Novice: 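So that we are looking at the same thing, I have put the structure below in structure tokens.
Since we're looking at a predicted model, the values are computed, not measured. Just so we're on the same page: letters track the sequence lines, and every chain starts at 1.
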Amino acid sequence: MFIIGERINGMFKDIAQAIRDEDPRAVQEWARRQDVSGARYLDINTGPAAKDQVRVMRWLVEVAQEASDLPLCLDSTNYDAIEAGLEVCKRPAMINSVPAEWPKMERVFTMAAKYDAAVIGLAMNEQGIPKDADTRVALAMELVAAADSYGIPMENLYIDPLVLPCNVGQDHGPEVMLTLRQVKLLADPSPRTVVGLSNISQGTKNRELLNRTFAAMGIANGLDAAVGDACNEELMATIATARVIMNLDIYCDSYVDIYKKQK
Amino acid sequence: MAFSAMKEKYRNKVGTVVLGATKEDGGTRGYTITVGGESTLPFLHFEGDIPNRPVVALEVWDVAPTDWHECFAPYYGDVFGNAAMWAKKCVEEFGADLIILRLKGADPDIADASVEDCVKVVKDVLAAVPCPLVVLGCGKVEKDNEILPAVAEATSGEGLLLGLAEQENYKSLTAACMVHNHNLIAGSPIDINICKQLNILITEMNLPSNRIIIDPTTAALGYGLEYGYSIMERARMGALQGDNMLAMPIIGNVGNEVWRTKEANISTADAPAWGEQENRSILWEATTATALLQAGMNIVILRHPKAVTLVKQNIEELMVPANFDE
């Protein structure tokens, strides 16, 4: 599993300020820090406050790429903003995200095919987030079929089973784990899986512990990627360890350090 | 209906290492040899690129071996004790792609050759053959730490492949390779974890990974070949799946291992049911080598000239892509 670094997001005060002032320093500092900490992608989210989402997304992409060679994960519900970002991405990017709904899937998968981008597909539709694994898997199958019809290879489709905070939807936890396992059976080669890691701990007092425990359990159930805090050393060490235990990486004494350097 | 082969897509490929340096690059070699670079498992040409064929090296010693089987005498008897002539014969008559010079004579229990003697024999061999050269120490750590850095310095820029760096003893040889532009063999005792860790330790000293060849240790057919094989196979899978600390080309000391076996050495008279001794030993060497080629070995070290012919023939055949349309 790898981390999509979550820190370049207008929800954070320093990034929101950077956007307002058009001052790239905070964005670039976080791009660099997440890069050296072991992030494999950088999430780019304008945040809700930005007035011109299209212009801000393009600017964030441009300044982030000046500081890091990592590919970007363009995070917005505004698809015009995502397309503006894709136009200036130097490396194949990831689109975050699309639900199992038409015509949204048409717009996103068309863009993904055009720009050779990966896509995060959310296991939800107009009816909201499903309560059980079966419905999540059924929606994942709709995403798989739609992606395939646009020629998106399965290794570029990341299914997000959608995680709820454990103090809100505790009963979703085992359903998410079950979904992670079943999504792998939908196609051969199988689609990949992703979660928003910090969702599990929203509003709780043990955020970091919940996040990294969830990461380890996710890896044991086939999780491939997570949007999360790459600068949290304990999280990265936990991921490296879970990968070794699941025989995904070959053990050596420096396995934690080397995990952070793998790109 | 046409047959469509299932293809695996890998994220990564095996690194390449260039052995030897020509005049333009600061050395005196007539040619260089590039190993590695494959983006698929051994010889699956339909699935990825295998830009460089595996190469075969013959072993030359700085002293006349006293413990080699008498069947070597007709081939090497006239050049034993003269490493330069021995090397020349291996290249010109026996078709070795490159030479492994083992400084066995430096062993305090054999000839205790001085640093100067070792440097001289390396230089003599370099002058005698145009091919890239691998230089191995005598195997006694203290002595090797004296002679190998001196050899590295005296041949600065030649792009030698020097060995052996091991987990407990890698720093001085790594430093010598860094300063004098040589390549390094990182040896590990049939242990994938130590193999990976040693590569990390060496690259942390800033020797680039494209200057490292790994020797995960091999064993002869019948003596644990499958252990060495599975380590090499695992390293190759790791490399292709993105583990750069296992992505170095592999060298294997096949001849040395095979000639320690009873099956290679026992006389025809003592084991008549096993067939004629020399043929048997050649096949033992060639079979061990060709099995390890399938595990991903890039540089095969042999002893018997006739095994070289067989292994090179096998490599030529394996380097021709299969045509599924026929």
Side-chain angles (χ1 to χ4, degrees), chain A residues 1-4 35-36 38-41 69-71 91-94 116 118 147-148 151-158 184 187-194 219 222-225 236-237 239-263, chain B residues 4-15 47-48 165-168 170 174 186-209 212 214 216 227 230-248 250 295-296:
Chain A
M1 189 192 81
F2 61 83
I3 286 288
I4 301 164
D35 190 338
V36 297
R40 201 79 75 72
Y41 278 81
D69 288 334
L70 288 178
R91 282 161 285 278
M94 190 184 290
D116 189 25
D148 189 53
I152 311 294
M154 281 303 111
E155 61 262 31
N156 273 353
L157 178 65
Y158 288 77
K184 290 287 170 190
D188 184 15
S190 59
R192 296 189 170 165
T193 53
V194 65
I219 290 166
L223 182 61
D224 295 303
M236 299 308 273
I239 293 168
T241 306
R243 287 186 59 87
V244 164
I245 291 171
M246 288 304 289
N247 196 25
L248 297 167
D249 288 326
I250 292 172
Y251 173 83
C252 67
D253 292 343
S254 304
Y255 75 88
V256 172
D257 291 336
I258 211 71
Y259 170 73
K260 295 179 189 171
K261 289 179 190 158
Q262 270 176 26
K263 294 295 177 203
Chain B
S4 161
M6 277 291 291
K7 291 180 189 176
E8 198 72 46
K9 262 195 208 164
Y10 296 108
R11 300 179 43 208
N12 201 16
K13 54 185 180 184
V14 177
E47 195 173 76
E166 294 178 284
Q167 194 178 24
E168 303 308 325
Y170 65 94
T174 302
S188 47
I190 314 199
D191 184 320
I192 191 85
N193 308 129
I194 292 174
C195 175
K196 183 172 171 176
Q197 184 68 19
L198 181 57
N199 291 331
I200 292 169
L201 294 172
I202 290 169
T203 50
E204 277 175 353
M205 283 183 71
N206 288 327
L207 186 72
S209 57
I212 303 172
I214 54 182
Y227 295 99
S230 63
I231 294 289
M232 288 178 203
E233 194 178 38
R234 192 130 183 260
R236 276 295 150 270
M237 286 304 295
L240 296 172
Q241 287 166 1
D243 194 334
N244 285 324
M245 285 300 116
L246 287 169
M248 294 78 173
I250 299 175

Novice: So which part of E204(B) gets closer than 4.5 Å to some heavy atom of chain A, the side chain, the backbone, both or neither?
Specialist: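 Answer is side chain: those atoms of E204(B) sit under 4.5 Å from chain A.
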Novice: If you draw a 6.0 Å radius around NZ in K184(A), do more than 12 non-hydrogen atoms from other residues or ligands fall strictly inside?
Specialist: yes
Novice: Please identify, among I194(B), I192(B), L201(B), L198(B), the residue contributing the most non-hydrogen atom pairs under 4.5 Å to chain A.
Specialist: I192(B)
Novice: Looking only at non-hydrogen atoms, find the nearest pair between I250(A) and K196(B) and report the distance.
Specialist: O-NZ, 2.6 Å
Novice: Contact part of N247(A) toward chain B, heavy-atom cut-off under 4.5 Å: side chain, backbone, both or neither?
Specialist: side chain
Novice: Could you give the distance from CG (D253(A)) to CD1 (I200(B)), rounded to the nearest 0.5 Å?
Specialist: 8.5 Å
Novice: Tell me whether the count of non-hydrogen atoms from other residues, nucleotides or ligands lying under 6.0 Å of OH in Y227(B) goes above 12.
Specialist: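 Not more than 12 within 6.0 Å, no.
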Novice: Of all of M245(B), R234(B), Q197(B), which one pairs up most often with chain A through heavy atoms under 4.5 Å apart?
Specialist: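 Sorted descending by pairs with chain A, the first entry is Q197(B).
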Novice: Measure the spacing between OG1 of T203(B) and CD1 of I258(A) and express it to the nearest 0.5 Å.
Specialist: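 Here the rounded value is 6.0 Å.
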